Amino acid sequence: MPTPVAAIDIRRDLVGLLPKLRRFAVTLTGDLAEADELVQNVCQRGIAKFHLWNSGGKLESWLYTMARHQWVDEARRHKLRTAGKGNALEQGDPASQTHLNPVEAGEAHRLVTSLPEGLASVFLLVDVEGHSYKQAADVLGIPLSAVTSRLSSARLYLASQGHSRSPRRF
């Protein structure tokens, strides 16, 4: 039985989004193994529920929202709120090996994952991935004012650590 064209397109698009989806999943879980499992589940679910996607919206935002919902559901089921996030680079993150200076990459990753819960995802979506505040609010299911507040808190936290490299937006 031939595969429908829509399924082929989503699979192709998913491959291109895997690095971004994985980074987002790490901000949610704080653990590479859990993040990889979350990404796998989201990809399977995205393929299975592709017919529900509004093609007018961004596939990336739809997948981020699906990942967040999946993580919240899992956390509720297993009561796995991230009490202590580990450094994903200590677990052998293969993506970190592609950077020119792995020491700086490791430090940047440690700083982002050390952000208090709720701040890392907003910081990643807006300052790393380049989403608008509104897109981040939609993905995370929070008010726009919460995005600006959390982003400000994340930037202040990173600045207090002496590593503020996030560009100012006026």
Side-chain angles (χ1 to χ4, degrees), residues 1-99 105 108-109 112-113 115-147 150-151 154:
M1 176 183 225
T3 307
V5 175
I8 293 170
D9 289 343
I10 181 125
R11 289 181 182 141
R12 182 198 65 223
D13 294 343
L14 274 173
V15 169
L17 292 172
L18 282 175
K20 290 181 176 184
L21 191 56
R22 186 171 191 240
R23 281 191 298 265
F24 181 70
V26 168
T27 67
L28 293 173
T29 66
D31 178 77
L32 277 179
E34 288 181 40
D36 288 342
E37 187 175 328
L38 178 61
V39 168
Q40 182 179 4
N41 291 338
V42 167
C43 288
Q44 288 172 342
R45 210 168 162 192
I47 291 168
K49 296 189 181 265
F50 183 66
H51 64 282
L52 298 174
W53 174 57
N54 172 8
S55 60
K58 287 181 69 173
L59 177 62
E60 182 178 355
S61 296
W62 184 64
L63 292 169
Y64 283 156
T65 302
M66 193 181 298
R68 183 180 55 82
H69 288 158
Q70 177 104 11
W71 174 247
V72 168
D73 291 346
E74 281 294 314
R76 281 187 193 138
R77 259 182 269 161
H78 299 296
K79 296 180 184 175
L80 287 178
R81 288 287 173 202
T82 54
K85 292 183 179 181
N87 184 347
L89 291 174
E90 292 170 1
Q91 300 173 22
D93 181 5
S96 69
Q97 297 167 4
T98 62
H99 297 286
H109 180 81
V112 171
T113 56
L115 285 166
E117 187 173 344
L119 302 184
S121 297
V122 172
F123 182 80
L124 175 87
L125 287 173
V126 175
D127 281 346
V128 176
E129 300 292 341
H131 289 272
S132 71
Y133 287 23
K134 172 137 180 41
Q135 288 171 330
D138 291 343
V139 166
L140 296 171
I142 59 176
L144 188 60
S145 60
V147 169
R150 290 179 186 184
L151 187 57

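On a predicted model such as this, the values are computed, not experimentally measured, just so you know. Along the sequence shown, the residues carry numbers beginning at 1.
Judged as a salt bridge (charged side-chain N to carboxylate O under 4.0 Å, His left out), the pairs with a partner in residues 134-143 (not counting sequence neighbours) are, in order, Lys134-Asp138.
To the nearest 0.5 angstrom, Leu52 atom CG is 8.0 Å from Met66 atom CE. In this structure, the separation between CZ on Arg150 and OG on Ser145 is 9.5 Å, given to the nearest 0.5 Å. Leu18 contributes atom CG, which lies 11.0 Å from atom CG of Asp13 (distance to the nearest 0.5 angstrom). Rounding to the nearest 0.5 Å gives a distance of 12.0 Å between CD of Gln40 and CG of Leu21. Atom-to-atom distance recorded for Thr27:OG1 and Leu115:CG is 9.5 Å, nearest 0.5 angstrom. For the atom pair CD (Glu60) and OG1 (Thr65), the distance works out to 10.5 Å, reported to the nearest 0.5 Å.
When all heavy atoms are compared, the tightest approach of Leu140 to Ser121 is CD2-CB, 4.0 Å. For the residue pair Leu59 and Trp53, the shortest heavy atom distance occurs at N-CZ2, 3.5 Å. Phe123 and Leu151 get closest at one heavy-atom pair: CA-CD1, 3.9 Å. Across all their heavy atoms, Gly46 and Leu63 have their closest contact at CA-CD2, 4.4 Å. Across all their heavy atoms, Asp31 and Thr29 have their closest contact at O-OG1, 2.9 Å. Taking both residues in full, the closest heavy atoms of Leu38 and Ala67 are given as CD1-O, 3.8 Å, listed atom of the first, atom of the second, then distance.
For the side chain to side chain donor-acceptor pair (under 3.5 Å) test, residues two or more places apart in sequence or in another chain that qualify with Gln70 are Arg45. Tyr64 pairs by the ring pair (Phe, Tyr, Trp, His ring centres under 6.0 Å) definition with Phe24, His131, not counting sequence neighbours. Asn41 is linked by a side chain to side chain donor-acceptor pair (under 3.5 Å) to nothing, counting only residues two or more places apart in sequence or in another chain. With sequence neighbours excluded, the residues satisfying salt bridge (Lys or Arg N to Asp or Glu O under 4.0 Å) with Arg23 are Glu129.
Arg22 contributes no side-chain N or O that, together with a main-chain N or O of Val39, makes up a donor-acceptor pair within less than 3.5 Å.
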